[in-house]
Student: 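Structure provided below as structure tokens; questions to follow.
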Protein chains: 2
Amino acid sequence: MSYGTEQLAARLKAAREAKGLSQRELSALAGVPQSHISKIENNAVDLRVSSLSSIAHALDLELMLVPRKALPAVQSITRSVASAPIINAATQRELDRIRETVNALASHVSGANIDDLQRRIREITQIQSQIDPEILQKVRRTIESIESSGSNEAVNQAVENIRSLRNQLAHRAASHESPRAPRPAYRLEEDQDG
Amino acid sequence: MSYGTEQLAARLKAAREAKGLSQRELSALAGVPQSHISKIENNAVDLRVSSLSSIAHALDLELMLVPRKALPAVQSITRSVASAPIINAATQRELDRIRETVNALASHVSGANIDDLQRRIREITQIQSQIDPEILQKVRRTIESIESSGSNEAVNQAVENIRSLRNQLAHRAASHESPRAPRPAYRLEEDQDG
DNA sequence: ACATATGATATAGAAAAGTAGATCAAATGA
DNA sequence: TCATTTGATCTACTTTTCTATATCATATGT
């Protein structure tokens, strides 16, 4: 979490995605062209401090110079704060269980779509919005059902479900900023098991 | 301690001076021209991240992006670590007493050379080498003697003494890297009181 | 199917950093 | 007094960011 120029790119991208912003949205907020943001995230430029500062600022990040000796402590704090925004313990717990489930699945079933699945899960984890734990529970059951069926299509189904959830979350965050819609009309459970 | 591009300059300069490095020495360490370092410290350029990173690295600093929420905690840690390197308690205690003495003096005597004196004290404090507490004790007595005499020249004398001490420390750190010469041949006590 | 949003790229031009070198005044040590 | 060091400043040249647009394939929502 200290940066060679390479890690910076990933860090900024992660921060942007965690806030559910598109490159163009961030572009507007930071006053930096989208094309430039793309290059930055792909580590294709050695950007100037003013640019970095603008972008970081738009992402609620602050640029700091930390003494080497203080690094571990600072990293620890940064991590704990970064993981704090998860809304509640129940959601957190469900996300953990989902990760476990997927990892277990990945250990004895492999394939490109399993990778997809894991990536999608990671995406969901990064979006720190309110996710109803019940929704996550259903997601997990969907994934668990894969093991019994073992079918490739079941995996794709799960991926599709999660992708849809992600998009709905992102859309909600973007358009109407209703931070805590009590129970959004997710539709995720239609094809749980064959 | 979070940085708009402006504060960065001061921070880097402070870090360099705290390590007793000249711009040319830092230049060699960081692989950046001295002329450029001068510009950077004078906040005359919008430098690139790679440059910042090189220089910071040479100064045992790490570039970080810290979530806004974590700022206070991180600043607190950074400060405590930054003040830690002072060698031993006795030295620390003497430095504190000197600061007190000077501040007391400054409160009822004012003038340009009093400012000088305070600045010199601050410099000494920043150089985190081994300073013999006894030396510092003598410095303090010199300063205390100013009060009784009240003469302008006594202040200048003190400033001169401290400046000399600083230079000797810096010189020792630079040339032969003997980190703990047991008792360097300071010559500070020649004109203590008239 | 259609319109939209996304991220990656390209191009061309303006602005600025970075490099290498030299000079200079002031401070310092000898 | 003399030689060195320091930091600031200048010039000339090279390299790169940064901006402003536009295009493109893909993915997504309606």
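In this text, all values refer to a predicted model and were calculated from it rather than measured experimentally. In what follows, chains carry the letters A, B, and so on, assigned in the order in which the sequence lines appear, proteins first and then strands, with residues in each chain numbered from 1.
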Student: Which residue is it: A/Gln23, A/Lys13, A/Arg11? I am looking for the one with a side chain to side chain donor-acceptor pair (under 3.5 Å) to A/Glu41.
Tutor: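 Going through A/Gln23, A/Lys13, A/Arg11 one by one, the side chain to side chain donor-acceptor pair (under 3.5 Å) with A/Glu41 is satisfied by A/Gln23 alone.
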
Student: Indicate yes or no: at least one non-hydrogen side-chain atom of B/Val66 is less than 4.5 angstrom from one of A/Leu61.
Tutor: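 They are not in side-chain contact.
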
Student: For B/Asp46, what residues pass the salt bridge (Lys or Arg N to Asp or Glu O under 4.0 Å) criterion, not counting sequence neighbours?
Tutor: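 In terms of salt bridge (Lys or Arg N to Asp or Glu O under 4.0 Å), with neighbours along the sequence ignored, B/Asp46 is linked to no residue.
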
Student: Donor-acceptor pair, distance only, cut-off 3.5 Å: does the side chain of A/Ser76 make one with the backbone of A/Pro72?
Tutor: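 A pair under 3.5 Å: no.
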
Student: Heavy-atom distance under 4.5 Å between the side chains of A/Asp60 and B/Pro67, does that happen here?
Tutor: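 Heavy-atom side-chain distance check fails, nothing below 4.5 Å.
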
Student: Starting at the 5' end of nucleotides 7-19 of chain D, put B wherever the base has a protein heavy atom under 4.0 Å, S where only the sugar-phosphate does, and a dash everywhere else.
Tutor: BBBB-----BBSS

